[in-house]
Visitor: 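Can you keep this structure in mind? I'll have questions shortly.
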Amino acid sequence: MDEELALFRHTVARFIGAEMTPHDAEWREQHHVGADIWRRAGQLGLLCADIPAQYGGMGGTFRHEAILHEELARAGMTGFGSGVHSICAHYLLNHGQEEQKQRWLPRMAQGELIGAIAMTEPGAGSDLQAIRTRALRDGDDYIVNGSKLFITNGYLAGLLALAVKTDPAQRARGISILMVETKNLAGYRVGRILDKMGMKSQDTAELFFEDVRVPASNLLGGEPGNGFAQMMSDLPYERVIVALAAVGAMEGAIEATVRYVQERQAFGHALAEFQNARFKIAEVATIAKIARTFVDDCVARVAEGTLDTATASMAKWWTTDMQQQVLDECVQLHGGYGYMNEYLVCRMFADARVQRIYGGTNEIMKELIARSLLQR
Ligand SMILES: Cc1cc2nc3c(=O)[nH]c(=O)nc-3n(C[C@H](O)[C@H](O)[C@H](O)COP(=O)(O)OP(=O)(O)OC[C@H]3O[C@@H](n4cnc5c(N)ncnc54)[C@H](O)[C@@H]3O)c2cc1C
């Protein structure tokens, strides 16, 4: 952190507190945050913070990006899918042709075009190479047929980074990423917003494609068959975003719990006077500090472009496992109130569970780490 980053954090935190938190209950009820808050975040320059100014971004570094994801998690604002929006923008930045970057990035930075990453299908999650959504070439277009499941920002998204098979006979080499603009797109349909355990204000949705025509010029990077490699090369960035959300949530939950145990009375004492509460607070604060130190190092290495996949995978699985442990203790210290949705720690506890599942499951993370260390 330096003075400029501290100022940026202040702006982000103020925006979340003043313009997001008051709408949380309404957003949870409707299962999405609406398009207006995206445009507002864009107006304030909070989106695409690490995208160069020539493409409409803030021209900052991943340190700026990190602040947004952390502060959202600290406040429990898990419906605003800024992580996948940024990941979608980075696919364009890292692999897109110049014309593709110019076409989409400025609108993403303004919040006019909300990004989503559409990889998972009913029959293909961890085993991404098994996807069946096809994009077959027909003149200047691809014709897309298939469906996607569990897509974050799926209801609001105006731009999808869609994983497709351009050569269904092949596994990894048959995969490409098509950038798909969804507005008024014939044959494209958003299914229901899925009813989840947590993240109630996140518009996680099913997407359907029936003979959807997408211009061939929307193929990310222009060459078919590079999709799998493009996805793999951006994984450290994505995994650190998940880890940042874990650290932000742990810190936010601990702050709320520290306040709570000092206010709540039992047997004529504040809970904070009981040794168990004191020890539990000490334990979760230690875990959060270790996570913060590790993830800060990952952030610096993403900013330098030196973070390797195995370390990013360590950060993802460990911080999200710890997030769940820490949230469990915070709920316990709140007693029955911790089980009530009006309390932040309750919502955070439910939101935390999926962190171990998406972005590559924690088992897949361990597999990747093991692969980097073992011969077989
Ligand atoms: C709320 C939410 C948001 C999501 N957002 C998105 C999104 O924006 N875009 C998107 O494309 N996807 C998204 N996903 C999908 C998510 O990435 C997948 O659910 C995840 O990758 C796991 O795939 P799966 O559900 O098919 O489980 P499976 O792959 O069927 O896994 C089931 C279990 O088997 C284990 N397993 C599988 N293979 C192995 C192996 N080789 N070794 C050891 N264990 C293994 C897994 O770890 C897991 O425990 C989201 C999911 C949720 C719930």
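Owing to the predicted nature of the structure, the values given are computational and were not obtained by experimental measurement. Just so you know, ligand 1 is whichever comes first in the structure, and atom 1 is the first atom listed for that ligand. Excluded from the calculations below are hydrogen atoms, water molecules and symmetry mates; all remaining heavy atoms, backbone and side chain alike, are included.
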Visitor: Can you sort out which atoms of ligand 1 are near I117, meaning under 4.0 Å from one of its heavy atoms?
Guide: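 Result: 7 (C), 8 (O), 9 (N), 10 (C), 11 (O).
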Visitor: Check the orientation of W27 and H23. Use parallel for under 30°, tilted for 30 to 60°, and perpendicular for over 60°.
Guide: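 The rings of W27 and H23 lie parallel, inter-plane angle below 30°.
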Visitor: Could you check whether atom CZ of R134 has more than 12 heavy atoms from other residues, nucleotides or ligands sitting under 6.0 Å from it?
Guide: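 Not buried by this count: 12 neighbours or fewer within 6.0 Å.
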Visitor: Nearest protein heavy atom to atom 49 (O) of ligand 1, by residue and atom, and its distance?
Guide: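 Here the nearest protein heavy atom works out to E363 OE1, 3.4 Å.
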Visitor: Can we say R137 and D167 salt-bridge, meaning some charged N sits less than 4.0 Å from an Asp/Glu carboxylate O?
Guide: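 Salt bridge flag = no for D167 with R137.
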Visitor: Taking the basic N atoms (NZ, or NE/NH1/NH2) and the acidic carboxylate oxygens, is any pair closer than 4.0 Å for R347 and E342?
Guide: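 Here R347 does not pair with E342 in a salt bridge, since their nearest N and O are not under 4.0 Å apart.
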Visitor: For the residue pair S147 and F208, what are the closest heavy atoms and their distance?
Guide: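 Closest pair (atom of S147, atom of F208, distance): CB-CD2, 3.7 Å.
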Visitor: Which heavy atom in A243 sits nearest to a heavy atom in V295, and how many Å separate them?
Guide: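 Minimum heavy-atom contact is CB-CG2, 3.9 Å.
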Visitor: So which heavy atom on A89 is nearest to which on M108, and how close?
Guide: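 That would be N-CE, 3.8 Å.
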Visitor: Check each atom of ligand 1 against the heavy atoms of T361 and keep those under 4.0 Å away; list them by number with element.
Guide: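 Every atom of ligand 1 under 4.0 Å from some heavy atom of T361: 22 (C), 46 (C), 47 (O).
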Visitor: What part of V354, side chain, backbone, both or neither, has a heavy atom within less than 4.0 angstrom of ligand 1?
Guide: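 It is the side chain that touches ligand 1; the backbone stays farther off.
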Visitor: Report the member of L194, L207, T152 with the shortest heavy-atom distance to atom 3 (C) of ligand 1.
Guide: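 It is T152 whose heavy atom sits nearest to atom 3 (C) of ligand 1.
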Visitor: Is atom 33 (C) of ligand 1 less than 4.0 angstrom from at least one protein heavy atom?
Guide: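 For atom 33 (C) of ligand 1 the answer is no, since every protein heavy atom stays at 4.0 Å or beyond.
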Visitor: Which residue holds the protein heavy atom closest to atom 40 (C) of ligand 1, what is that atom called, and what is the gap in Å?
Guide: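 For this ligand atom, the closest protein heavy atom is I364 CD1, 3.8 Å.
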Visitor: Would you call K280 and E283 a salt bridge, taking side-chain N to carboxylate O under 4.0 Å as the test?
Guide: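 Answer for the salt bridge query: yes.
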Visitor: Is E206 salt-bridged to R192, cutoff N-O under 4.0 Å?
Guide: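 Salt bridge between E206 and R192, a charged N being under 4.0 Å from a carboxylate O: yes.
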Visitor: Do you see a protein non-hydrogen atom under 4.0 Å from atom 6 (C) of ligand 1?
Guide: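 Under the 4.0 Å cut-off, atom 6 (C) of ligand 1 does have protein heavy-atom neighbours.
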Visitor: Does at least one non-hydrogen atom of K196 fall below 4.0 angstrom from an atom of ligand 1?
Guide: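 The answer is yes, since K196 has a heavy atom less than 4.0 Å from ligand 1.
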Visitor: Please could you name the atoms of ligand 1 that T120 approaches to less than 4.0 Å, counting only its heavy atoms?
Guide: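 Matching atoms, with element in brackets: 10 (C), 11 (O), 12 (N), 13 (C), 14 (N), 15 (C), 16 (C), 17 (O).
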Visitor: Is atom 13 (C) of ligand 1 near the protein, in the sense that some protein heavy atom lies at less than 4.0 Å from it?
Guide: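 At least one protein heavy atom is under 4.0 Å away.
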Visitor: For N153, which part has a heavy atom under 4.0 Å from ligand 1: side chain, backbone, both, or neither?
Guide: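 No part of N153 is near ligand 1 at this cut-off.
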Visitor: For atom 2 (C) of ligand 1, what is the closest protein heavy atom, and at what distance to 0.1 Å?
Guide: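 Result for atom 2 (C) of ligand 1: Y358 CD2, 3.7 Å.
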Visitor: For atom 36 (N) of ligand 1, which protein heavy atom lies nearest, and how many Å away is it?
Guide: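 Sorting protein heavy atoms by distance from atom 36 (N) of ligand 1 puts S126 OG, 4.4 Å first.
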Visitor: Within this structure, what is the OG1-CZ distance for the pair T204 and F150, rounded to the nearest 0.5 Å?
Guide: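 It comes to 9.5 Å.
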Visitor: Answer yes if the side chains of N153 and H32 hold a donor-acceptor pair under 3.5 Å, and no otherwise.
Guide: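 Note: N153 and H32 side chains miss the donor-acceptor criterion.
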Visitor: Identify whether the distance between the nearest side-chain nitrogen and carboxylate oxygen of R213 and D138 falls below 4.0 Å.
Guide: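 Yes, this pair counts.
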Visitor: Check this for me - ligand 1, T204, N or O atoms closer than 3.5 angstrom, yes or no?
Guide: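 So ligand 1 has no N or O lying under 3.5 Å from an N or O of T204.
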Visitor: Please list, in number order, the atoms of ligand 1 under 4.0 Å from a heavy atom of I357.
Guide: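 Answer, ordered by atom number: 20 (C).
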Visitor: Below 4.0 angstrom, counting only protein heavy atoms, does anything approach atom 30 (O) of ligand 1?
Guide: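 No.
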Visitor: Could you tell me the residue and atom name of the protein heavy atom closest to atom 50 (C) of ligand 1, and the distance to it rounded to 0.1 Å?
Guide: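 Looking only at protein heavy atoms, the one closest to atom 50 (C) of ligand 1 is F150 O, 3.2 Å.
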Visitor: Just jot down the ligand 1 atoms closer than 4.0 angstrom to any heavy atom of G125, in number order.
Guide: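 Close to G125: 23 (O), 24 (P), 26 (O).
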